[in-house]
Protein chains: 2
Amino acid sequence: MAKYRQIYEQLAEQMRNGVLEAESKLPSETELMHTYEASRGTVRKALDLLQEHGYVRKHHGKGVFVLRREQIEFQFNGIVSFSEVYASMLGRSIQTTVASFEEIEAPPWLAERMDLKPGTAMYRVERVRNFDGENVILDVNYFVKDLVPGLTKQIAERSIYEYVERELGLQISYAKRKIAAEDVTALDRMRLDLHDYEYVIVITNDTFLYEGRQFEYTESRHRLDKFQFSDVARR
Amino acid sequence: MAKYRQIYEQLAEQMRNGVLEAESKLPSETELMHTYEASRGTVRKALDLLQEHGYVRKHHGKGVFVLRREQIEFQFNGIVSFSEVYASMLGRSIQTTVASFEEIEAPPWLAERMDLKPGTAMYRVERVRNFDGENVILDVNYFVKDLVPGLTKQIAERSIYEYVERELGLQISYAKRKIAAEDVTALDRMRLDLHDYEYVIVITNDTFLYEGRQFEYTESRHRLDKFQFSDVARR
DNA sequence: AAGTTTAACTTATATAGACGAGTCGTGTCA
DNA sequence: TGACACGACTCGTCTATATAAGTTAAACTT
């Protein structure tokens with residue numbers, strides 16, 4: 001492993017287990033050079049990484065300061081599926097059922113949205129999330145077949161993202177999300193236990209690979225009372 | 001301005017206006033050294049920044065490649081007030097009225113939430129956002145008086161964040177957000193033009209300074225049909 | 001006592017050079 | 001023809017050194 005990464009790991013570990021206390025000042029770059037027997041550039045690279053990951057804050061002329069634990073825990077506020085957050089948040093698990101799994105040709109609205117040729121081969125997956133005996137979330141995923149080959153209903157029942165990243169080795173770069181309330185549709189009524197709710201909260205999600213190609217479009221439709229979204233925005 | 005920042009700006013500009021085309025390969029570090037008369041370290045720092053901001057993708061052994069425009073536009077996914085996004089998104093402006101401005105002592109629920117001593121002096125501000133003649137958003141802010149001294153109704157009518165950052169020089173580190181639907185309250189009915197909507201979308205926002213202290217808690221209450229939240233999550 | 005200068009610390013920027021490591025095409029050899 | 005070695009190119013890491021710029025406190029001046 002690269003030397004600056006080792007320094008990063010060691011310092012990060014010391015902050016996680018409290019050897020380096022929150023609010024305290026780290027040794028200066030010169031001191032760290034000696035303790036780790038590294039050049040200043042290498043030490044600085046480790047410190048930059050620590051700051052990037054939310055462990056410390058550098059202050060020109062003053063020093064490098066350890067941030068509070070609270071801030072550290074949220075260091076990876078990346079792309080997570082909402083049902084996962086949901087499950088971990090409420091401490092109970094969610095039952096997922098694949099309600100529909102089909103191969104389709106991209107309809108015009110989707111081709112336009114994803115910048116694809118109309119008729120591109122896609123997978124379309126409907127998954128229903130059941131929580132405490134009620135169907136409260138409907139996820140509709142569209143995947144570009146060429147980019148996610150070999151997707152099956154069985155995989156969809158577990159975690160599609162695991163398959164995409166671990167099995168296929170695709171690297172996800174970023175996702176655009178939009179959240180808004182929408183009128184309930186016929187599909188919502190069919191799949192979900194809606195009671196009297198007339199609206200659903202819809203999260204649309206466009207996910208892109210590193211090369212810049214979009215491989216997924218998803219709509220996650222939540223019953224009003226079971227919707228929650230948490231987020232940490234860092235400056 | 002720092003030299004690596006200048007190089008960054010020039011390259012970024014060339015990518016935005018299409019001089020450097022998407023998917024194309026940037027000149028090698030050695031070439032850039034000569035064109036910008038800089039050392040390799042400086043050129044690399046500019047390239048790292050470009051990658052961090054989503055302009056390019058570096059490939060060990062191959063080169064640095066320009067990403068597609070789409071990815072560039074969303075480079076800043078920081079903390080922005082929702083009304084700002086709202087206004088820029090719809091291309092029209094929002095009228096803000098300060099409906100209430102008072103100094104209070106932190107009630108127990110707030111003291112607990114913000115980890116303050118009960119009775120801490122606070123400002124409480126209610127602001128109503130009017131869009132196309134209808135009051136559709138109600139913002140209720142609570143600020144710690146010690147951390148945001150000298151706040152006035154006049155300032156609240158403009159931008160409180162500007163005051164906090166520019167005038168007071170406070171550095172905002174991160175914000176925790178939560179979005180959920182809630183039943184309409186009496187206050188909502190009083191301040192907003194709710195029509196028949198029985199629910200509002202509530203964004204709660206806890207904002208922290210670099211030292212880790214929380215200086216603000218805000219609830220932003222949106223009429224269902226006027227709520228929208230956009231976001232880009234980067235890995 | 002109050003303001004100013006200075007010195008000593010901190011991090012930030014820039015340079016130059018060396019070597020490591022991944023990629024790709026070309027030429028050689030079997 | 002096919003496998004392999006090599007060279008030339010790319011970015012990645014590390015070192016060493018110099019100078020700039022922000023911060024702080026002590027020393028100095030008024």
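Order of the sequence lines fixes the chain letters, A, B, ..., with proteins taken first and strands second; residue numbering starts at 1 for each chain. These figures come from a predicted structure and were not determined experimentally.
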- Going through the checks in order, is the side-chain contact (heavy atoms from CB on, under 4.5 Å) test met by Leu47(B) and Gln51(B)? CA-CA 6 Å; Leu47(B) 293 176; Gln51(B) 168 155 292; over 6 Å; no
- Checking Lys3(B) side chain against Tyr36(B) main chain: does a donor-acceptor pair fall under 3.5 Å? no
- Message: Of all nucleotides in DNA chain C that come within under 4.0 Å of a heavy atom of chain B, which is furthest toward the 5' end and which toward the 3' end?
- Response: dT13(C) to dC24(C)
- Could you tell me which residues satisfy ring-ring contact (aromatic ring centres under 6.0 Å, His included) with Phe101(B), sequence neighbours excluded, listed by chain and number? Tyr123(B)
- Side-chain contact, heavy-atom cut-off 4.5 Å: Val140(B) with Arg124(B)? yes
- Query: How would you label the contact of Glu37(A) with the nucleic acid (heavy atoms, under 4.0 Å): base, sugar-phosphate, or nothing?
  - Reply: sugar-phosphate
- Query: 5' to 3' on DNA chain D, which nucleotides open and close the contacts with chain B (atom under 4.0 Å from a heavy atom)?
  - Reply: dT10(D) to dT13(D)
- On the 0 to 90° scale, with breaks at 30° and 60°, tag the His222(B)-Phe227(B) ring pair as parallel, tilted or perpendicular. perpendicular
- Query: Is there a side-chain contact between Arg113(B) and Thr204(B), using heavy atoms and a 4.5 Å cut-off?
  - Reply: yes
- Query: How do Ala2(A) and His60(B) order along DNA chain D: which one's closest nucleotide is nearer the 5' end?
  - Reply: His60(B)
- Message: In the structure I gave you, are the side-chain heavy atoms of Tyr55(B) and Leu20(B) within less than 4.5 Å of one another anywhere?
- Response: no
- Task: May I ask you to say whether Arg5(B) pairs ionically with Glu9(B), meaning some side-chain N is under 4.0 Å from a carboxylate O?
- Result: yes
